[in-house]
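Below: one structure, written as structure tokens.
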Amino acid sequence: KDQKGPQLGVVFRNNTYFPVFRQGEKVILNCYVKDGVLAEPDVLHIRLSDWQRNLLEEKRIPVTPEMMKNAVDVDFTPAKAGCYFVDCSLEKSRISIPWEGSRPKGYVTFGILPEITPVPIGNAEESRFGMCGIVNVEKSKHAPVGTLLGIRWADHIFHPARQEKKRGDLKELSKEDIEKIWAIPYDRSPIQILKSAAQARIAPLTFMHGIPSQLLKLPEALKGRSGQFNDAYIYNDPAWYRDLIGRMVRTTRNYRETKMNYMTHSRYLIHWEPDWVWRGTTDEFLQMYKDASEVIRKEDPSGLLLGANYGVLANAVPRMRELFEKGLAQYIRGVAVHLYFLPVSSLPEDKNLHGNCREMRRLVDRYLGSGAPLMNTEWGACVEKTLLVDHPVLVSHMMRFIRGHLIALGE
């Protein structure tokens, strides 16, 4: 809320939280005054622009305080697919849309999808297209992002550090348990994320990272101190760790064999950005993969353990090379990595994204074989309130984002 007094609220009537529409579909923008009332009659000024900020349509609608209290609908039917900007303001009172989330103040955007027929795939895990952070692809308020864009991968997080307060707290779900829970109609049931993924035939990428605090092998200097150490150190009880991994793996396998049998195998991660958080030794790091891989191969023989999910690609290349030289290939069957380069405002070529992608592919081919998966598990641009985010900056983000993904896919 970056302005005092009344503010202009706008929502898209059809897709309230994620405004993406198909060609020919009417886009209805609902405008109202919130956090106060309009003091006098005003003019609602609407400007529709394409992604290059070419003005396509302009409307000036006389409004009364009562109209803006009850909301006014403004509709558009763009002829072309693409991204559109809608600038909104009340001229006399100088009220506009406040900054929200990653979208700067003054406007909202919506998208019109092109008419594209997806390339047919045999099953979900053959697809190269997924999203990290989509926790409920069908039932949540952000649901359309999954089905409209056609993603085939989404993350499923166990949160062992939160759930395993003492040994056995994180409960394994049998096939019978899953059948019972699956029948619960309540949208916020514990497995609604997976129910919605199954409805859209989306493959979960299973996160098992985060050692429970009481299982951590902490240095003496850190014992009793508060801090986020769950991804920083190895466990103090290997048998407990293997048992914990086993419960998560068997649960994942049971989901796949009962409700997600459109998948042929599951993929697992046990680290998240270790280049930022890991403080243990290289041998301890490898030991975690050895223990986890033994459990996965026993409890879910078709399952793939991926490693090591470093956060910055330029860091990942030398570290993965070192880990492969020390035997990591015995324990993993594919590589997961983020594609970030620093600073994120750079051009992909200037930060050698192409060269690092190419070298990572060489390492995978050499140590795991040419058929082994290499997955990008996170990458994006950054918008903060402290930045002056104007249209050239947004276009720069878009250009770098699309180009970076094309480079990664190509390499």
**Asked** When you check the gap from the basic side-chain N to the acidic O, do Glu299 and Arg250 get nearer than 4.0 Å?
**Response** yes
**Message:** Could you check whether Gln287 and Asp291, counting side-chain N and O atoms only, form a donor-acceptor pair closer than 3.5 Å?
**Reply:** yes
**Request:** Please report the shortest heavy-atom distance between Ala197 and Met260, naming the atom on each side.
**Result:** CB-CE, 4.0 Å
**Complete:** To the nearest 0.5 Å, atom CE of Met248 lies from atom OH of Tyr268 at 10.0 Å
**Message:** For Phe285 versus Pro274, what's the shortest heavy-atom pair and its separation?
**Reply:** CE1-CB, 3.8 Å
**Request:** Might you point out which heavy atoms bring Ala292 and Leu305 nearest each other, and give the distance in Å?
**Result:** CB-CD2, 4.1 Å
**Message:** Is it the case that over 12 heavy atoms from other parts of the model lie below 6.0 angstrom from the CZ atom of Arg366?
**Reply:** no
**Prompt:** Going from CD1 on Ile157 to CG on Leu205, what distance comes out if it is rounded to the nearest 0.5 angstrom?
**Reply:** 9.5 Å
**Message:** Listing request: all side-chain hydrogen bond (donor to acceptor under 3.5 Å, both in side chains) pairs with a residue in residues 201-218, at least two apart in sequence or in separate chains.
**Reply:** Ser213-Asn230
**Prompt:** Side chains of Arg361 and Val364: does their closest heavy-atom pair fall under 4.5 Å?
**Reply:** yes
**Item:** Contacts of type side chain to side chain donor-acceptor pair (under 3.5 Å), residue Lys180, not counting sequence neighbours
**Value:** none
**Prompt:** Is the count of non-hydrogen atoms from other residues, nucleotides or ligands lying under 6.0 Å from Arg167 atom CZ greater than 12?
**Reply:** yes
Considering only distance and modelled atom types, tabulate donor-acceptor pairs under 3.5 Å from the side chains of residues 334-347, sequence neighbours left out.
residue: His338; atom: ND1; partner: Thr377; partner atom: OG1; Å: 2.9
residue: His338; atom: NE2; partner: Glu273; partner atom: OE2; Å: 3.3
residue: Tyr340; atom: OH; partner: Glu378; partner atom: OE2; Å: 2.8
residue: Ser346; atom: OG; partner: Pro343; partner atom: O; Å: 2.9

**Request:** List the steps and the verdict of side chain to side chain contact (heavy atoms under 4.5 Å, CB included) for Leu38 and Ser93.
**Result:** CA-CA 8 Å; Leu38 197 58; Ser93 55; 3.7 Å; yes
**Prompt:** Which atom names give the shortest non-hydrogen contact between Val10 and Cys88, and what distance separates them?
**Reply:** CG1-SG, 4.3 Å
**Prompt:** Quick one: CG on Asn309 to CG on Asn376, what's the gap to the nearest 0.5 Å?
**Reply:** 9.5 Å
**Prompt:** Charged N to carboxylate O below 4.0 Å: is that the case for Lys171 and Asp177?
**Reply:** no
**Prompt:** Is the Phe110 ring parallel, tilted or perpendicular to the Phe76 ring (thresholds 30°, 60°)?
**Reply:** parallel
**Message:** Measuring only between side-chain heavy atoms, which start at C-beta, is Val37 closer than 4.5 Å to Val33?
**Reply:** no
**Message:** Taking ring pair (Phe, Tyr, Trp, His ring centres under 6.0 Å) as the criterion, tell me which of Tyr289, Trp276, Phe207 meets it with His271.
**Reply:** Tyr289
**Request:** Would you please name every residue forming a side-chain contact (heavy atoms from CB on, under 4.5 Å) with Ala239, sequence neighbours left out?
**Result:** Asp237, Arg242
**Contact summary for Leu56 and Ser49, nearest pair of heavy atoms** = CD1-C, 4.1 Å
**Message:** Can you confirm if the NZ or CZ of Arg279 lies within 45° of the ring axis of Phe229 and under 6.0 Å from the centre of its six-membered ring?
**Reply:** no
**Asked** If you draw a 6.0 Å radius around CD in Gln52, do more than 12 non-hydrogen atoms from other residues or ligands fall strictly inside?
**Response** yes
**Message:** What verdict does the side chain to side chain contact (heavy atoms under 4.5 Å, CB included) test give for Lys80 and Ile112, after you've listed the backbone C-alpha separation in whole Å, the side-chain angles of each residue and the deciding distance to 0.1 Å?
**Reply:** CA-CA 7 Å; Lys80 296 180 179 180; Ile112 304 293; over 6 Å; no
**Request:** Please round to the nearest 0.5 Å and tell me the distance separating atom CD1 of Ile28 and atom CZ of Phe21.
**Result:** 8.5 Å
**Prompt:** Looking at the rings of Trp240 and Tyr235, which for Trp means the six-membered one, are their centres under 6.0 Å apart?
**Reply:** no
**side chain to side chain contact (heavy atoms under 4.5 Å, CB included) between Ile211 and Asp231, intermediate numbers included** = CA-CA 6 Å; Ile211 305 295; Asp231 294 297; over 6 Å; no
**Fill in**
Contacts satisfying ring-ring contact (aromatic ring centres under 6.0 Å, His included) that involve residues 350-372 (not counting sequence neighbours) are Phe324-Tyr367
**Message:** Could you measure the distance from the CD atom of Glu164 to the CG atom of Leu244? Nearest 0.5 Å is fine.
**Reply:** 5.0 Å
**Prompt:** At their closest point, which heavy atom of Pro204 faces which heavy atom of Trp153, and how far apart are they?
**Reply:** O-CZ3, 3.9 Å
**Prompt:** When the ring planes of Trp379 and Phe401 are compared, do they come out parallel, tilted or perpendicular, using 30° and 60° as the limits?
**Reply:** parallel
**Message:** Are there over 12 heavy-atom neighbours, none belonging to Lys69, within less than 6.0 Å of that residue's NZ?
**Reply:** no
**Message:** Salt bridge check, Lys166 against Asp169: does any charged N sit closer than 4.0 Å to a carboxylate O?
**Reply:** yes
**Request:** Could you tell me whether Asp350 and Arg400 make a salt bridge, using a distance below 4.0 angstrom between a side-chain N and a carboxylate O?
**Result:** no
**Item:** N-O pairing of Arg319 and Glu322 below 4.0 Å
**Value:** no
**Request:** Output, in order, the C-alpha distance, side-chain angles, deciding distance and verdict of side chain to side chain contact (heavy atoms under 4.5 Å, CB included) for Leu306 and Met375.
**Result:** CA-CA 9 Å; Leu306 307 181; Met375 294 186 70; 3.6 Å; yes
**Request:** For Thr251 and Arg247, test the side chains for any donor-to-acceptor distance below 3.5 angstrom and give the result as yes or no.
**Result:** no
**Prompt:** What residues, two or more places apart in sequence or in another chain, satisfy side-chain contact (heavy atoms from CB on, under 4.5 Å) together with Thr258?
**Reply:** Lys175, Ile178, Glu179
**Message:** Can you tell whether the side chains of Lys290 and Glu294 come within less than 4.0 Å, N to carboxylate O?
**Reply:** yes
**Message:** Nearest 0.5 Å, please: how far is CG in Asp73 from CG in Leu29?
**Reply:** 8.5 Å
